[in-house]
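Letters A, B, ... mirror the listed sequences (proteins, then strands); counts begin at 1.
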Number of protein chains: 2
Amino acid sequence: MSTGTQGGSISEARARLLDTATRIFYAEGIHSVGVDRIIAEAQVTRATLYRHFKGKEELILSYLQQADHGIRGQVAAIRAQGLPAADTVRAVSRSIADGIQSPGFRGCAFLNAAAEYPDPAHPVHQAVLAHRQWFLDTATQLLGAADCAPADAAGRHFVMLRDGAMAAGCLFDPTLIRETFLGGVEGILRTGTAPVPEPDAPATPPA
Amino acid sequence: MSTGTQGGSISEARARLLDTATRIFYAEGIHSVGVDRIIAEAQVTRATLYRHFKGKEELILSYLQQADHGIRGQVAAIRAQGLPAADTVRAVSRSIADGIQSPGFRGCAFLNAAAEYPDPAHPVHQAVLAHRQWFLDTATQLLGAADCAPADAAGRHFVMLRDGAMAAGCLFDPTLIRETFLGGVEGILRTGTAPVPEPDAPATPPA
DNA sequence: GGAGGGAGGGAGAACGTTCGGTCTCGTCGT
DNA sequence: ACGACGAGACCGAACGTTCTCCCTCCCTCC
């Protein structure tokens, strides 16, 4: 089993293809890179790509699916440590903040993909929505377990802060983003969330 | 002082071109729409486009510049009302929240553009950075005037919340996003910002 | 007042490149 | 022999860009 290519296991060329696509799509965007570029850097031929994927779109979907699995695994690993709920939230937040500070950081793969695929009916957009729904549910559950006010509102607040941190992480100083994000998370954990009862009255949009 | 061009108003075809580009770029992204599409919907010919813009890139830059002017004007109009500082922050926030709830909302034009142009050296990316720097400075100034803790941290917190709201505004229920965002802003105004003394824990980046 | 000219614009052909995708054929390990 | 892969030709379409030709305003000069 030295050379690894096994009959039943997954193709080694396919893995190279997906890894290369992941790296390039994340670093440079999706629309702006062509399949020629991917097959060249993956050192496979065009035929091999279309042997494993129906087309570029399926490659994109696989890229997002791989990212989704990675993030879910990361969160699951943290939850498996069995920390107190608030500390689990902190650990997840630190994991996010570490990602933002890491060298190749280029924002949230899903937010970036959504920016390139605004059509809600598009499979790529739907993959983004699915991932985000899972993350919101997870955050809400975690914050609820940490005795945060209305868990729904706390979860939404947490996700909003994370989205902002991920979006700005490659546009500002990552160190300050980290600081701001972790500070905001502590605020959520401390106060539950803003106990604003939502007056729902203003109705005078100045514009 | 003869202008060389016809007196008074600038080319009407150019305005149609820029308006069309703005609408389509914002709604569908930049890389995924070609100049053919834009000239068709603007009802001009290819030659007219290249008479007014050096190329697609200059059109993109003009699109972002127009958006930048629009937002700066909106903020300036609010500041000109001479409200108390905290209420000015609230008014700006409400303006942002209203935008998120408006029908054609598709996120922040600048965040979307940055997702498509990750290269920091690219003119489009730099236009995004310039706009964001102005916005951070403005937010910091406003929150400082509203007696918020360290104004820098409050400004960063505000911008992070705004970024999250803008990013998620077209991926979740805009009503809940509005509620969460305005609630978060109230939290910033109330507590200044998270008075976390920054423990500076070395931690152990797990991956 | 009339002629000229320059600029803005419409219409469309054409350029070379790149796109995503399909195809055939040769090769190699099992 | 079979399946996976490499090498590469090939396709139609779309890309951004440049080009020529002609029309129509409006300003200016005679």
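Checking side-chain atoms of B:Ser95 against main-chain N and O of B:Ala91 turns up no donor-acceptor pair under 3.5 Å. A distance-only check finds no donor-acceptor pair linking the side chain of B:Arg156 to the backbone of A:Thr180 [under 3.5 Å].
Centroid-to-centroid, the aromatic rings of A:Tyr117 and A:His122 come within less than 6.0 Å.
Within the 4.5 Å cutoff, the side chain of B:Gln66 has heavy atoms near those of the B:Asp19 side chain. Side-chain contact between B:Leu189 and B:Arg90: present, with at least one pair of heavy atoms (C-beta onward) separated by less than 4.5 Å.
Annotation: side-chain hydrogen bond (donor to acceptor under 3.5 Å, both in side chains) contacts of B:Thr138 (sequence neighbours excluded): B:Trp134.
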Exercise answer: donor-acceptor pairs, residues 48-55 of chain A side-chain atoms, under 3.5 Å, sequence neighbours excluded:
unit_1	atom_1	unit_2	atom_2	d
A:Thr48	OG1	A:Thr45	OG1	3.1
A:His52	NE2	A:Ser11	OG	3.4

Residues 107-116 of chain B side chain polar contacts: donor-acceptor under 3.5 Å, at least two apart:
unit_1	atom_1	unit_2	atom_2	d
B:Asn112	ND2	B:Arg106	O	2.9
B:Asn112	ND2	B:Cys108	O	3.4
B:Glu116	OE1	B:His31	N	3.0
B:Glu116	OE1	B:His31	ND1	3.1
B:Glu116	OE2	B:Ile30	N	2.7

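Of the residues in residues 47-64 of chain A, A:Ala47, A:Tyr50, A:Gly55, A:Lys56 come within less than 4.0 Å of DNA chain C through at least one heavy atom, sorted by number. Contacts with DNA chain C (heavy atom under 4.0 Å) in residues 15-45 of chain A: A:Val33, A:Gly34, A:Val35, A:Asp36, listed by number.
The number of heavy atoms from other shown groups lying within 6.0 Å of CD (A:Gln43) does not exceed 12.
Closest non-hydrogen pair, B:Val185 versus B:Ser93, comes out as CG1-OG, 3.5 Å.
A donor-acceptor contact under 3.5 Å is not formed by the side chain of B:Arg46 with the base of D:dG16.
A stem is defined here as three or more consecutive Watson-Crick or G-U pairs, each with both distances under 3.5 Å; for DNA chain D these stems are C:1-30 with D:1-30.
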